[in-house]
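One structure is given here, and the rest of the page talks about it.
These figures come from a predicted structure and were not determined experimentally.
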Amino acid sequence: MRHVIALDVGGTGMKAALVGADGELLHQARRPTGRERGPDAVVEGIVGFAAELHAYGAEHLGGPAVAAGVAVPGIVDEARGVAAYSANLGWRDVPLRDLLAERLGRPVALGHDVRTGGLAEGRIGAGRGANRFLFVPLGTGIAGAIGIDGRVEAGAHGFAGEIGHVVVRPGGLPCPCGQRGCLERYASAAAVSQAWAAACGDAEADAADCAKAVSSGDVAARAVWQEAVDALADGLVTALTLLDPDTLIVGGGLAEAGDTLFAPLREAVRRRVTFQKLPSIVPAALGDTAGCLGAGLLAWDLLDTSTTPRR
């Protein structure tokens with residue numbers, strides 16, 4: 001069965017799959033990145049994992065994979081196939097595409113993890129059928145993927161979509177990026193966790209606990225939650241003013257709160273728009289499979305000779 005290797009490398013773990021031409025996940029596997037052993041060990045682990053998947057396909061699916069796609073965090077030079085920098089994994093300027101291609105003997109595509117997940121959500125997930133979409137996962141931080149006609153825009157230097165560092169509260173909380181008042185300091189899952197822990201006096205409380213308290217009518221929780229929703233709405237309206245998307249896809253851990261997030265968020269965005277066209281605001285559909293599915297799409301794009309390969 002014709003298939004590709006898809007690898008989604010995170011800060012602590014790797015998700016992998018063998019993906020058929022129709023997007024079917026034919027085989028799935030997970031393992032730790034082993035980052036505690038250093039960046040060289042992480043790279044060796046990625047290459048070795050890909051080789052094992054290659055061998056599995058040859059044995060169980062009638063032949064080896066025809067290509068591979070890999071999504072990694074941090075700064076990624078997709079054109080050169082270089083994992084330029086990752087604070088979590090500790091690497092710099094790793095020619096990951098070439099290392100994998102040499103080991104596998106197959107073409108390899110390298111992509112940024114959020115943009116790759118956004119590619120999957122846009123083509124086969126919540127944004128399917130939208131010519132323009134914005135994918136915003138709300139996790140420890142906030143990033144974004146700008147979808148245009150079935151591809152995701154990387155930008156001139158690979159930084160497109162970094163909505164988490166749009167300043168929504170000038171002079172506000174300091175951000176590790178060097179600015180003050182960045183969106184992710186107010187509306188990420190980490191920010192909500194921190195604010196709710198302080199408000200309720202429980203250092204172990206997190207964003208999920210805050211969402212539950214909101215649902216139960218807790219006044220303090222509602223205040224914390226609304227502050228995050230308002231900040232997020234401010235950032236999203238800035239983005240939709242610039243990008244004019246058909247669909248705005250919100251994912252990540254905070255989106256798991258469902259209508260507790262989406263009902264007030266849709267209303268907050270609606271109140272803020274003036275001349276802008278209000279997009280559909282929808283939850284991500286693919287969950288933690290988005291990265292693998294997106295990496296698979298990158299791999300299939302390499303083999304698509306009828307169109308220019310998408311990045």
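Clustering ILVMFWY residues whenever any of their side-chain heavy atoms sit less than 4.5 angstrom apart, transitively, puts Leu242 in a cluster other than the one holding Val152. A continuous path of Ile, Leu, Val, Met, Phe, Trp and Tyr side chains, each step under 4.5 Å between heavy atoms, connects Leu254 with Phe262, placing both in one hydrophobic cluster. Hydrophobic clustering, with ILVMFWY side chains joined whenever heavy atoms are under 4.5 angstrom apart, keeps Val282 apart from Leu232. Under the 4.5 Å side-chain heavy-atom criterion for grouping Ile, Leu, Val, Met, Phe, Trp and Tyr, Val108 is not connected to Leu298 through any hydrophobic cluster. Following chains of ILVMFWY side-chain contacts shorter than 4.5 Å, one can reach Val192 starting from Leu265, so the two form part of one hydrophobic cluster.
Within the 4.5 Å cutoff, the side chain of Pro32 has no heavy atoms near those of the Met14 side chain. Looking at Val70 and Val9, their side chains come closer than 4.5 Å, going by heavy atoms from C-beta outward. Under the 4.5 Å side-chain criterion, counting only non-hydrogen atoms from C-beta, Asp93 is not in contact with Tyr85. When side chains are defined from C-beta on, His3 does not count as touching Val66, because their heavy atoms never get closer than 4.5 Å. For the pair Val229/Leu261, a side-chain contact is recorded, criterion being any heavy-atom separation below 4.5 Å from C-beta on. No side-chain heavy atom of Leu183 sits under 4.5 Å from any side-chain heavy atom of His165. Side chains of Leu138 and Val250 form a contact here, defined as non-hydrogen atoms less than 4.5 Å apart. In this structure the side chain of Leu248 never reaches within 4.5 angstrom of the side chain of Phe133, judged on heavy atoms.
Checking side-chain atoms of Arg97 against main-chain N and O of Ala109 turns up no donor-acceptor pair under 3.5 Å. Remark: the backbone N or O of Gly90 is not paired with any side-chain donor or acceptor of Arg35 at under 3.5 angstrom. At least one donor-acceptor pair under 3.5 Å links the side chain of Arg180 to the backbone N or O of Gly172. Between the side chain of Tyr186 and the main chain of Val168, no donor-acceptor pair closer than 3.5 Å is present. Distance alone, capped at 3.5 Å, is enough to place a donor-acceptor pair between the Trp300 side chain and the Gly20 backbone. With hydrogens and angles disregarded, a donor-acceptor distance shorter than 3.5 Å links the side chain of His112 to the backbone of Val114. For the pair Glu121 (side chain) and Ala126 (backbone), a donor-acceptor distance under 3.5 Å is present. The main-chain N or O of Leu26 is never found under 3.5 Å from a side-chain atom of Glu24 such that the two would form a donor-acceptor pair. Proximity of a side-chain donor or acceptor of Arg185 to a complementary backbone N or O of Pro174 within less than 3.5 Å is detected.
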Requested in this report: For Val136 and Leu236, run side-chain contact (heavy atoms from CB on, under 4.5 Å): C-alpha distance rounded to whole Å, both residues' side-chain angles, the deciding distance at 0.1 Å, then the answer.
Outcome: CA-CA 9 Å; Val136 181; Leu236 292 178; 4.0 Å; yes
Requested in this report: Test side-chain contact (heavy atoms from CB on, under 4.5 Å) on Val76 and Asp113 and set out the steps.
Outcome: CA-CA 9 Å; Val76 183; Asp113 57 352; over 6 Å; no
Report task. Could you go through the salt bridge (Lys or Arg N to Asp or Glu O under 4.0 Å) check for Asp234 and Arg169 one step at a time? Result -> CA-CA 9 Å; Asp234 288 338; Arg169 299 292 179 265; 2.7 Å; yes
Report task. Start with the C-alpha distance between Phe159 and Ile75, add both sets of side-chain angles, then the distance that settles side-chain contact (heavy atoms from CB on, under 4.5 Å), and finish with yes or no. Result -> CA-CA 8 Å; Phe159 299 140; Ile75 299 171; 3.9 Å; yes
Requested in this report: Would you sort out whether Leu7 and Ile46 count as a side-chain contact (heavy atoms from CB on, under 4.5 Å), showing the intermediate values?
Outcome: CA-CA 8 Å; Leu7 264 171; Ile46 293 169; 4.0 Å; yes
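Look at Asp206 and Lys212 and you find no salt bridge, because none of the NZ, NE, NH1 or NH2 atoms lies under 4.0 Å from a carboxylate O. Between Asp230 and Arg272 there is a salt bridge, since at least one side-chain N of the basic residue sits less than 4.0 Å from a carboxylate O of the acidic one. For Asp98 and Arg103, the salt-bridge test fails: no basic side-chain N is under 4.0 Å from an acidic carboxylate O. Salt-bridge formation is detected for the pair Arg115/Glu78: a Lys NZ or Arg NE/NH1/NH2 atom is positioned less than 4.0 Å from an Asp or Glu carboxylate oxygen.
Remark: Gln179 CD is packed, more than 12 non-hydrogen atoms of other residues, nucleotides or ligands lying under 6.0 Å away. Within 6.0 Å of the CD atom in Glu204, the count of heavy atoms belonging to other residues, nucleotides or ligands does not exceed 12. Around atom CZ of Arg31, more than 12 heavy atoms belonging to other residues, nucleotides or ligands sit under 6.0 Å away. In Glu267, the CD atom is crowded: over 12 heavy atoms of neighbouring residues, nucleotides or ligands sit closer than 6.0 Å.
Ala191 approaches Glu184 most closely through the heavy-atom pair CB-O, 3.7 Å. Across all their heavy atoms, Thr140 and Ala190 have their closest contact at O-CB, 3.3 Å. Summarising the geometry of Cys182 relative to Cys177, their closest heavy-atom pair is SG-SG, 3.7 Å, with the distance given to 0.1 Å. The two atoms that bring Asp301 and Arg123 nearest to each other are OD2-NH2, 2.7 Å, heavy atoms only. The shortest non-hydrogen separation linking Ala213 to Trp196 is CB-CZ2, 3.8 Å. Closest of all the heavy-atom pairs between Ala299 and Val4 is CB-CB, 3.7 Å.
The structure places CD of Glu153 at 10.0 Å from CG of Leu243, a figure rounded to the nearest 0.5 Å. We find the SG-CZ distance between Cys210 and Arg222 to be 11.5 Å, quoted to the nearest 0.5 Å. Interatomic distance, Asp244 CG to Leu134 CG, rounded to the nearest 0.5 Å: 11.5 Å. Interatomic distance, SG of Cys292 versus CD1 of Ile5, reported as 11.5 Å (0.5 Å rounding). Taken to the nearest 0.5 Å, the CZ atom of Arg92 stands 10.5 Å off from the OG atom of Ser86. For the atom pair NZ (Lys15) and CG (Leu25), the distance works out to 12.0 Å, reported to the nearest 0.5 Å.
Using modelled atom types, one finds a donor on one side chain and an acceptor on the other under 3.5 Å when comparing Thr260 with Ser215.
Across Thr247, Asp246, Asp149, a single residue satisfies side-chain hydrogen bond (donor to acceptor under 3.5 Å, both in side chains) together with Arg132, and that is Asp149.
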